[in-house]
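Here is the structure we will look at, set down as C-alpha cells.
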Amino acid sequence: MSRLVLMQGNEACVEGAIACGMRFFAGYPITPSTEIAEYCALRLPMVKGHFIQMEDEIASMAAVIGASVAGVKSMTATSGPGFSLKQENIGYASAAEIPCVIVNAQRSGPSTGLPTSPSQGDVMQSRWGTHGDHPIIVLSPSSVSETYTLIIRAFNLSEKYRTPVIFLMDEMVGHLREGIEIPEHIEIVNRKVIKGGQSQHMPYRIPDGECAPVFAPFGEGDRYNITGLIHDESGFPTNSHIEANRMITRLMRKIEDNVDDIVATEERYTEDADIAVLCYGGTTRSVLEAIDEARSKGIRVGMFRPITLWPFPEKELFKLSGKIKKLIVAEHNYGQIVLEAERVVKNNCSLKFTGKVDGTLISPAEILRAIEED
Amino acid sequence: MSRLVLMQGNEACVEGAIACGMRFFAGYPITPSTEIAEYCALRLPMVKGHFIQMEDEIASMAAVIGASVAGVKSMTATSGPGFSLKQENIGYASAAEIPCVIVNAQRSGPSTGLPTSPSQGDVMQSRWGTHGDHPIIVLSPSSVSETYTLIIRAFNLSEKYRTPVIFLMDEMVGHLREGIEIPEHIEIVNRKVIKGGQSQHMPYRIPDGECAPVFAPFGEGDRYNITGLIHDESGFPTNSHIEANRMITRLMRKIEDNVDDIVATEERYTEDADIAVLCYGGTTRSVLEAIDEARSKGIRVGMFRPITLWPFPEKELFKLSGKIKKLIVAEHNYGQIVLEAERVVKNNCSLKFTGKVDGTLISPAEILRAIEED
Amino acid sequence: MASQLVEKYMRTEHLPHIWCPGCGNGVIMHAVVRAIDKLELDKNKVCIVSGIGCSSRAAGYLDFNTIHTTHGRALAFATGIKLAKPELEVVVIAGDGDIAAIGGNHLIHAARRNVGMTVVVINNNIYGMTGGQYSPATPAGEFGTTAPYGNIDRPFDIAALAAGAGASFTARGTVYNPAQITSCIQKGILHKGFSLIECISVCPVYYGRKNKKGSVIDMIKWQRDNSIPVEKAGKLPPEELKGKIVTGVLSQATYPEYTEEYAKIIEKVSGGINYEQA
Amino acid sequence: MASQLVEKYMRTEHLPHIWCPGCGNGVIMHAVVRAIDKLELDKNKVCIVSGIGCSSRAAGYLDFNTIHTTHGRALAFATGIKLAKPELEVVVIAGDGDIAAIGGNHLIHAARRNVGMTVVVINNNIYGMTGGQYSPATPAGEFGTTAPYGNIDRPFDIAALAAGAGASFTARGTVYNPAQITSCIQKGILHKGFSLIECISVCPVYYGRKNKKGSVIDMIKWQRDNSIPVEKAGKLPPEELKGKIVTGVLSQATYPEYTEEYAKIIEKVSGGINYEQA
Amino acid sequence: MSRHEIMLTGSGGQGMILASIILAQAAILENKNAAQSQSYGPEARGGKCKAELIVSDSFIRFPRVTNPTFILALTQSSLDNYTEGISGKCIVMADESLKVPYWLNPDQVIRVPVLDTARSRVGKLFTANIVAVGAINKVLNIAGWDNLKKAVLMHIPEKTEEINIKALKAGEMMLCSYQPAPSAERLLIA
Amino acid sequence: MSRHEIMLTGSGGQGMILASIILAQAAILENKNAAQSQSYGPEARGGKCKAELIVSDSFIRFPRVTNPTFILALTQSSLDNYTEGISGKCIVMADESLKVPYWLNPDQVIRVPVLDTARSRVGKLFTANIVAVGAINKVLNIAGWDNLKKAVLMHIPEKTEEINIKALKAGEMMLCSYQPAPSAERLLIA
Amino acid sequence: MVKLVIVMKTLKTIDKWCKGCGICVEFCPKNVLGLIDDKVTVQNKEECIFCGQCELRCPDYAIFAEENNYEQAGFNARQ
Amino acid sequence: MVKLVIVMKTLKTIDKWCKGCGICVEFCPKNVLGLIDDKVTVQNKEECIFCGQCELRCPDYAIFAEENNYEQAGFNARQ
Ligand SMILES: Cc1ncc(C[n+]2csc(CCOP(=O)(O)OP(=O)(O)O)c2C)c(N)n1
Ligand SMILES: Cc1ncc(C[n+]2csc(CCOP(=O)(O)OP(=O)(O)O)c2C)c(N)n1
Ligand code: SF4
Ligand code: SF4
Ligand code: SF4
Ligand code: SF4
Ligand code: SF4
Ligand code: SF4
Ligand SMILES: [Mg+2]
Ligand SMILES: [Mg+2]
C-alpha cells in the first residue's frame with residue numbers, strides 16, 4: 001500500500017529522482033531551488049550516491065554530464081540566473097546525447113528580479129536558451145504529488161532518448177508542502193547500455209528499433225570519444241556536411257518522431273466546453289479553482305494543460321481549438337506559451353491571454369474574471 | 001564624397017561602431033567573431049578608446065555593462081558558445097536598462113558544432129536566451145555595407161531605448177570582404193544624459209515625452225543605485241508587487257509601443273508577387289539571386305526581409321501575407337523564424353520552409369527549387 | 001538624524017538595512033565609509049560595485065555611484081568601469097561566495113592584471129543570502145545546510161589566493177577590530193593597483209547557528225581571542241598559527257597599474273596613422 | 001604500422017593529427033601515453049578529459065575513454081566523472097587558455113578540493129585554435145593578434161597558481177625534454193589527489209611567428225637553453241631565474257583526497273536511518 | 001465540507017514555519033488534505049515571517065490563503081500588518097502582550113499568553129511555536145491528540161521530545177476554557 | 001557583363017588569402033564589385049586553405065563561388081581536390097611543379113612557375129602569392145597596373161614594398177607570352 | 001581675541017534602527033548601556049567616557065555620540 | 001636451456017604522417033636524417049645508434065625504431 005507523506009515540492013523532486021535511481025547531484029545554491037541541493041546533500045550519501053556543491057552553475061552542469069557519462073543518473077537544480085549560466089553545457093548534453101535532468105525552479109526575472117517570488121518566465125528560454133538547433137524536452141508539474149511522479153518521467157525520457165530534460169518547476173510548487181502518496185510501483189526506464197570492449201562499436205549509431213544510440217558508460221571497456229563538435233557515428237569530429245546534416249537531423253527527429261510518446265497533456269471538463277483555459281505548472285491550481293466557480297455559475301469552461309511543455313502539444317491543442325469558441329491562455333509571465341498557442345490555434349477559435357508579472361500568483365479570481373469577460 | 005573601401009564584415013562592424021562613438025570593447029576570442037576583437041584591439045587606442053580581452057565571455061559582458069554605466073558606448077562580440085555564456089548579464093543590461101551592443105557572429109551549433117561554418121541557428125536564442133520576461137532588440141545585416149550602417153543603427157536604438165541590442169551576424173557576412181561606401185554622413189543618437197548632482201533625480205523615472213529614463217553616467221555628480229533586482233524609480237530594490245508590475249510592464253512596453261520606430265524591413269518585388277520568400281542576414285544573398293533567376297523564368301516572386309528580427313515585424317508580414325499565395329521561409333537553420341511567421345500569417349497564405357543544417361550555405365539553386373516546386 | 005558620517009555617506013532613507021541583528025556587514029560598511037571619509041575622496045568619483053549576497057546589498061545603502069551587479073561578477077563590471085573612466089575610485093564589496101566561489105576566476109584575473117581598484121571581501125564563511133550553505137571559506141569539518149555531515153572541502157585563504165594570483169596589496173581584519181579594517185581599506189585605496197582587504201565577518205544567523213558558535217557576542221569575542229597581528233605572526237611557528245586569523249597588511253608590492261599602462265598605448269598610437277586611410 | 005606505443009594507445013586511423021608541423025602538442029600527447037604505459041594502467045579505466053583548443057583535440061586521438069568537452073570546463077566534467085566512478089583514472093589535457101583563462105575558476109576549485117585527477121596543461125603561451133590571441137600565459141610585452149601593441153597583462157605562473165589554490169602536486173617540463181614530462185606525468189598519476197603538470201609547449205605558427213621566435217627548432221633550443229631544474233633553481237638568486245623555466249617536481253604534499261573523504265560519509269550514513277520513514 | 005485558511009505570523013526566529021508544517025503533518029495523519037507554504041524575505045534570509053496553511057476535507061486547488069479564516073500573530077507588527085482588511089469571520093489568535101488593533105471585532109480575537117507560557121510555564125521561549133500549535137489545534141480541531149503529538153515528534157530535533165510535548169500540552173491547556181464567540185463558532189463548525 | 005568566380009588554393013602559409021584580398025582591392029579600386037571570402041579548417045587554425053573571390057561589373061548577390069571560372073592551385077592536393085568536376089570553361093592556373101590531373105583539359109590549364117619564380121627570380125619564396133597576383137591579373141585583367149600596385153601596397157607589411165613589387169612584376173612577366181586557348185578565351189572576354 | 005568652543009557630546013540612539021543585538025551593551029567599557037524590549041537604552045549616562053566603542057561596533061548605526069560645538073561669544077582670554 | 005633472442009631494430013618512417021618540421025633532423029646526434037620534399041628520409045642509416053631521440057621528439061609519430069625479436073631456436077648456452 002502506498003503511504004501518504006507530507007512533502008515539499010523541492011523535496012518530492014529529490015525523493016522521486018532517488019526513487020528512480022538518481023545517484024549524482026551537482027549544484028550551486030540559488031533561491032528557490034536551494035532545498036533541492038540541500039535535500040540531495042542529506043539524502044544521496046544514504047543511498048550511496050554523490051552530492052557535490054560546485055563553484056558555480058556552469059561547473060555543476062558540467063559535473064552532471066561527467067557523472068552521466070560514467071553511467072550514473074544525474075541531476076542538477078537551479079533557478080533563473082543559474083539556468084542562464086547552464087545553457088552552454090545543456091547544449092553540450094543535447095549534442096553529445098548525454099542523459100541528465102536539469103531542474104529549474106522558476107523565480108521572478110529578468111536578471112536577479114524578485115528572487116523569492118514565483119513566476120513562469122523561463123518557458124521560452126527552456127526551449128531556446130542554448131545556441132544552435134538542438135533537441136530538448138521540458139516537463140512542468142503542478143502539484144507536489146505530480147512533482148514526484150513527473151521527475152521520474154523526466155528521467156525516463158532522458159534515459160530513453162538520451163537527451164537533457166528540463167524539469168520546469170515554479171517557486172509555488174517547489175515551496176509548497178502537500179500530502180502525497182508515494183506510489184508503490186513506479187515505471188523506471190534505464191538507458192540501454194553496451195559494455196565490455198566491443199571495439200567495433202559505433203557509439204552514435206542507432207541500432208534497428210531503437211530511438212537513440214545505445215550508451216557505453218565510461219570505464220566499462222568500450223573506449224570511444226565524446227565531443228560537442230559535429231561528429232560521425234564513431235563519435236569522432238568531422239567537417240563533412242553530409243555527416244553534419246545527418247547528425248543534426250537525427251537529433252531533431254529523435255524528438256519529432258516520438259512526440260506521441262513524449263507529449264503528455266491533461267484535459268478537464270473539455271467535453272462540453274465552450275471555453276478552455278490553457279495553463280501549466282502552478283498556475284493550474286488557480287485555474288481549477290476558477291473553473292469550479294465558473295461552472296457553478298453555468299459557464300461551460302474546461303482546462304487544457306500541457307504537462308510536456310516542449311515539444312509543445314500541437315496536435316492536442318489544435319484538435320481542442322476546433323471544438324471550443326475561445327481559448328484563454330493563463331500563464332505567470334508576460335506572454336510566452338501563448339505565442340505557441342497562437343501559432344497552433346490559427347483562426348480556429350478566439351484567443352485571449354491572462355498573464356502577470358508582479359511577483360504574486362495569478363489568483364483564481366483573476367482567472368474567473370478572464371473567463372467571464374468576453 | 002563617400003569613399004569606396006574594401007572591408008570584411010567583421011571589420012565593417014568595428015568601423016561602423018567606432019564611427020558612431022563606440023569607445024569600449026571587451027571580448028574573448030571565438031571563431032568566427034574573433035576578428036572583431038582583433039580589429040578593436042588595433043583600432044580603439046587610436047581613437048582613445050579601450051579594448052580589453054577578458055578572461056571569458058561572462059566577464060566581457062560584465063565589463064561592457066560597466067563601461068556603459070560610466071557613460072561610454074560599449075560593445076562585445078562573440079559566437080554561439082560565448083553567446084550562451086553572456087545570457088545572464090544580457091538580462092542584467094535589459095533589466096537595469098544599460099545600453100550596449102552584443103554582436104553574435106553565428107556559427108553552426110549546437111554546442112561546439114562546426115566552429116568555422118556559417119549558420120543562423122541562434123535566432124530564437126537571441127530573443128529568449130536569458131531568463132525571465134525582458135525586452136530586447138535584434139538586428140541582422142545581409143552585406144558588409146549594411147553591417148557598417150546597421151551597427152550604427154544598433155547603437156542608436158540601444159542608446160535611445162536604453163536596452164541591449166543584439167547584432168546578429170552570420171559567419172557568411174562576418175568573413176566576407178566587399179567594397180563598401182563609407183557614408184559621409186551618419187545619424188548618431190546618443191543617450192540622453194543628466195549630470196551634476198541633481199540629488200532629487202529619480203534615475204528610472206521617464207520624463208514626459210521620453211521613451212526611456214534619462215541616463216546619469218557614473219562619476220558625473222548624480223549618485224544613484226543600479227541593480228538587477230526589481231527596483232522602483234529611485235533605482236533601489238523593492239519587493240512591492242505594484243512596483244514590480246510597473247517596472248516589467250514599462251520595460252516591455254518600451255519596445256512594444258515603439259515597434260514602428262524599431263522595426264525595419266526590406267521588401268523587393270513584392271508589388272506583383274504571388275510568392276514571397278522571407279529571409280534575413282546572409283541567406284538574403286542566395287534568395288536575391290534565386291529570385292532573379294525565377295523572375296527571368298516568369299515566376300512572380302518577391303522577397304520580404306526583416307532587418308529587425310526582434311521585435312518581429314508582425315504587422316508588415318501580416319499585410320504581405322494577405323496579398324500573396326505562398327510564403328517561403330528560408331533560413332539557415334532547422335526552422336526558427338518560421339515559427340513566428342506561422343504565428344503571424346495564420347491561414348492567410350500557404351507557408352513553406354527551406355532550411356539547412358549541414359554547415360554549408362543555402363545556395364541560390366536550393367531556393368529556386370523551393371520557389372519552383374508545386 | 002544619524003551620526004554625521006552616516007548622514008554624509010549613507011542613504012539613510014533606506015535604513016535600517018535588511019541585515020539580521022548582529023550581522024557583521026553593517027560594521028564593515030561603516031568601516032568603508034570611515035576610510036573614504038578619512039581620505040576625503042570626492043563622493044561623486046567613488047563607485048561601489050557589488051555582486052549578489054547579503055554583503056553585496058551594501059552598495060544600495062551607500063551614497064556614491066553604486067551598482068549591485070550579478071552574482072560573482074562584480075570585479076568584471078568594475079574592470080569595465082575603471083577602464084572606461086580611470087579617474088574613478090572603484091571599490092568592490094563582495095561576499096566570500098561571491099568573490100571566491102562563482103567569482104573566483106574574475107578575482108584571480110583582476111589581481112593578475114593589477115587593475116586599480118580596492119576589493120573589500122566580507123568573509124562570513126558561509127552563503128548567507130541563500131540560507132547557510134557552505135562556501136569555499138567554510139573551514140573543513142564545519143557544517144552548512146549543504147554539508148549536513150561536515151564539509152570535506154578544504155577552504156581557500158582568500159587573501160593568499162589573491163596574492164598568489166598577483167594582487168599587489170592584501171590585508172585582513174576582523175569585525176572585532178573595525179579600526180583596523182578602516183586603516184587597511186584606507187591603505188588599500190591609496191595603493192596604486194589592485195588591493196584586497198579580507199574582512200572576517202560574523203553571520204550569527206546561519207554560520208553561527210549551524211556551527212554552534214554561540215551568540216554574536218561570543219563570535220566577536222572568538223575573533224578577539226584568535227587574531228594575531230601579522231608582525232607577530234611572522235615570529236611564530238606554523239603550529240601556533242593554525243586556526244588563527246592573521247591580521248594587518250599581509251603583502252604589498254609595486255607593479256604597473258593596468259589603466260596607466262593602457263594610457264601609454266593610447267598615447268603612443270592615438271596620434272598615429274589613421275587606419276582607414278592606410 | 002606505427003610504433004608499438006602509438007599503435008597501442010592511439011586511434012591511428014585518425015592520424016596524422018590536425019596540428020601544424022612542429023607543434024608541441026604531439027610530443028606532449030606522446031609523453032602522456034608513455035607515462036600511462038609505464039604505469040601499466042588498464043586502458044579501460046583511463047579517462048581523458050579535455051576542453052577546447054588545439055591541445056584539447058588530443059582526447060580524440062587517444063584510445064581510452066575520451067571526452068572533449070566545452071571550452072574551459074574540462075576540470076568540472078572530470079570532477080563529475082571521478083566522483084561518480086572514483087575507480088577511474090582521470091587525466092585532463094588542457095591548453096593555457098582553457099585552464100587559466102576561461103577555466104581558471106575550475107582550476108583553483110579542483111585544486112582546492114583535491115579531487116584525484118592529473119592535469120596535463122599544454123602551455124604554448126597563446127590561444128592557438130582561434131589564431132594567436134594573447135593568453136594569461138603570454139609574457140608581458142609580447143604580441144598576439146589582440147595585443148598588437150604588446151601585451152600589458154602580467155602572466156600567470158600556472159603551476160604556482162594551482163599550488164597556491166591547494167594543488168597537492170605540481171610539476172613542470174618542456175617539449176625539449178619529453179622524458180622529463182613523461183616522468184612528471186607518471187609521478188602525477190601516482191600521486192593521490194590533484195596533480196598538475198605544466199608542459200611548456202611550442203606553437204610555431206602563431207606564438208612563434210607573432211613574436212619572431214624563429215623556427216620551431218629555434219624555439220625548442222630556446223627551451224633547452226633556458227630551463228633550470230628545480231633542484232638547481234633553489235640555489236640561485238631570484239634575478240637569475242627571471243625569464244627562465246624551472247622544471248621538475250615543484251611541489252608535493254599530502255592532503256585527504258576528495259572521493260575518499262566522500263566515501264567515508266557514505267560509509268557512515270548509508271546504513272543509517274531511512275529518511276523517508278523518519 | 002470543512003476548510004481552514006490559516007496564517008501563522010511572527011518574526012524570523014519564532015518557528016512559525018515549523019508550526020505550520022506540524023499542523024499540516026497532523027492534518028495529513030488525520031487523512032485530511034493540507035497545503036503549507038511560506039513567504040520569504042529577500043532571497044532566503046530571515047526577517048519577517050508568514051506561513052500559510054490550508055486544511056481541507058477535499059482536494060485543495062489553489063493552495064494559498066486568499067480569505068484567511070484563522071490568523072496567529074506573535075508580534076505587534078505582524079498583528080497590525082496581516083489582520084487589516086480581513087473578514088469579520090476570521091479568528092485572530094494574538095499573543096496576550098500585543099495591542100489589538102481597533103479594526104478587529106473583540107469577538108473574533110483570542111488573546112492568549114503564548115510567549116509567556118513558553119517562557120514561564122514550559123521554561124524555554126523557543127517552544128512558543130509548539131505552544132501555539134497546541135492552542136491552535138484546540139481551537140480548530142485539526143487532529144486528535146495522538147496524531148498531533150506524532151506530528152510534533154516527526155519534526156523536532158532529537159532529544160527535545162520532552163520539552164516540546166510539555167509545550168504542546170501547555171498550549172492545549174491554555175485554551176481549556178476557550179469558548180468561541182457565537183460569530184466565530186459558526187466558522188469553526190462550518 | 002563580366003563576372004569571374006575565382007578560387008585561390010594552396011596550403012596555410014602560402015598567403016592565398018592575402019592574394020585574394022589584394023585582387024579584391026584592385027577590383028574595388030577599378031570601381032568593380034568584388035566579394036572575397038575564405039574557408040577555414042577547424043576553428044581558425046592553419047592547414048589547407050582556399051580563398052574565394054568574385055569580381056563582377058554588377059552587384060554581387062550570392063558572394064560565394066558556385067561555378068568557378070578560374071582556379072589557382074599551388075599544391076598538388078589543392079589542385080587535385082578543387083578541380084574535380086569543374087566546368088571545362090574554368091581556367092586552372094597550376095604551379096609548374098604540379099602534376100595535372102587527367103580530368104582537366106590541357107587547354108584549360110595554365111602551368112606557370114609561381115613558386116620557382118618567387119624563390120629564384122624574386123629571391124623569397126614567401127612572395128609566391130604576389131607573383132601569383134601578377135600572373136592572375138595578367139590573365140583576368142582585373143585591374144590596371146597602377147591600381148594593382150596600389151592594392152598590393154595597401155596590404156603588405158611596411159618595408160617589404162620593394163620585394164613585393166618585384167614579385168608582382170615577375171608574376172606579370174611570367175605570363176607575357178600567355179595566349180589563352182580559344183575555349184578559355186571566350187570565358188575571359190565574357 | 002581667542003574663541004572658546006565648547007564641545008558638547010551627547011549619546012544618541014535611534015530606536016527604529018536598533019535591532020537589539022546587544023553588542024554595544026557587551027563591549028561598553030563603562031557599562032553605560034542596556035537593552036529594554038530589545039532596544040538599546042542609555043542607563044548610566046554619567047559613566048560614559050565617549051570612547052566611541054559603541055558607535056564603532058553597532059552594526060546598525062543606532063548609537064553614536066553627537067557633537068555640538070557652541071561658541072562662547074565675547075570671551076576674551078587673558079593674555 | 002637458454003634462449004637467445006636477437007633484437008633487430010629498424011628505423012621506420014611514415015610518410016603520410018610526416019609534416020616536414022625538421023625537428024628529428026636537427027636533433028639527431030648522428031646526422032642520420034634529412035628532409036626531401038618536406039618528408040623525412042633516412043640518409044645515413046648505418047650511423048644510427050638507435051638513441052630514440054627522433055622518435056621521442058617527432059610531434060607526428062612519423063619516425064620510430066621498430067623492434068623485431070627473433071628467437072634462435074635450439075640454441076644451447078655453454079654452461
Ligand atoms: C548566478 C547565481 N547563482 C546563485 C545565486 C544565488 N545566490 C545569491 S547570493 C549567494 C551566495 C551568497 O554568499 P556570499 O557571497 O558569501 O554572500 P553573503 O550572503 O554570505 O554575504 C548565492 C549562491 C544567484 N543570485 N545568482
Ligand atoms: C565558450 C567558448 N569561448 C571561446 C571559444 C573559442 N576558443 C576555442 S579554443 C580557444 C582558446 C585556445 O587556447 P588554449 O586553451 O591555450 O589552447 P591552444 O589552442 O593554444 O592549444 C578559444 C578562445 C570556445 N570554443 N568556447
Ligand atoms: S544571513 Fe548572516 S550574513 Fe546575511 S544578513 Fe543575516 S547574519 Fe548577516
Ligand atoms: S596553431 Fe599552434 S598550437 Fe595550434 S596546432 Fe598549430 S602550432 Fe600547434
Ligand atoms: S561611548 Fe564608550 S563608554 Fe560611552 S556608551 Fe559608548 S561604549 Fe560606553
Ligand atoms: S549594537 Fe546597535 S543594534 Fe545592537 S543593541 Fe546596540 S544599538 Fe542596538
Ligand atoms: S635513433 Fe637517434 S641516431 Fe638514430 S636517427 Fe633517431 S635520433 Fe638519429
Ligand atoms: S620530426 Fe616527425 S614530422 Fe618532423 S620531420 Fe621528422 S619525422 Fe617528419
Ligand atoms: Mg558569505
Ligand atoms: Mg594555448
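In what follows, chains are A, B, ... by sequence order, proteins preceding strands, each numbered from 1. In what follows, every heavy atom counts, from backbone to side chain, and hydrogens, waters and symmetry copies are set aside. Keep in mind that this is a model prediction, so the values were computed, not measured.
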- Message: Using modelled atom types and a 3.5 Å cut-off, is there a donor and acceptor pairing between side-chain atoms of B:Gln53 and backbone atoms of D:Tyr134?
- Response: yes
- Should B:Glu35 and D:Thr145 count as side-chain neighbours, where that means a heavy-atom distance under 4.5 Å? no
- Query: Is it the side chain or the backbone of D:His68 that comes within 4.5 Å of chain B heavy atoms, both, or neither?
  - Reply: neither
- Interface check, chain B: of D:Thr70, D:Ile102, D:Thr69, D:Ile152, most non-hydrogen pairs under 4.5 Å belong to D:Ile102
Minimum heavy-atom distance between [X] and [Y], given as atom pair plus value:
X: B:Tyr28; Y: D:Gly97; value: OH-O, 4.0 Å
X: B:Thr112; Y: D:Ile52; value: OG1-CD1, 3.7 Å
X: B:Pro45; Y: D:Tyr149; value: CG-CE1, 3.5 Å

- Note on the structure: Rounding to 0.5 Å, atoms CZ (B:Phe25) and OG1 (D:Thr146) come to a distance of 10.0 Å
- Message: So, taking the atom named CG in D:Asp153 and the one named CD in B:Glu55, what distance separates them when rounded to the nearest 0.5 Å?
- Response: 9.5 Å
- Task: Please flag which part of B:Pro32 lies under 4.5 Å from any non-hydrogen atom of chain D: side chain, backbone, both or neither.
- Result: neither
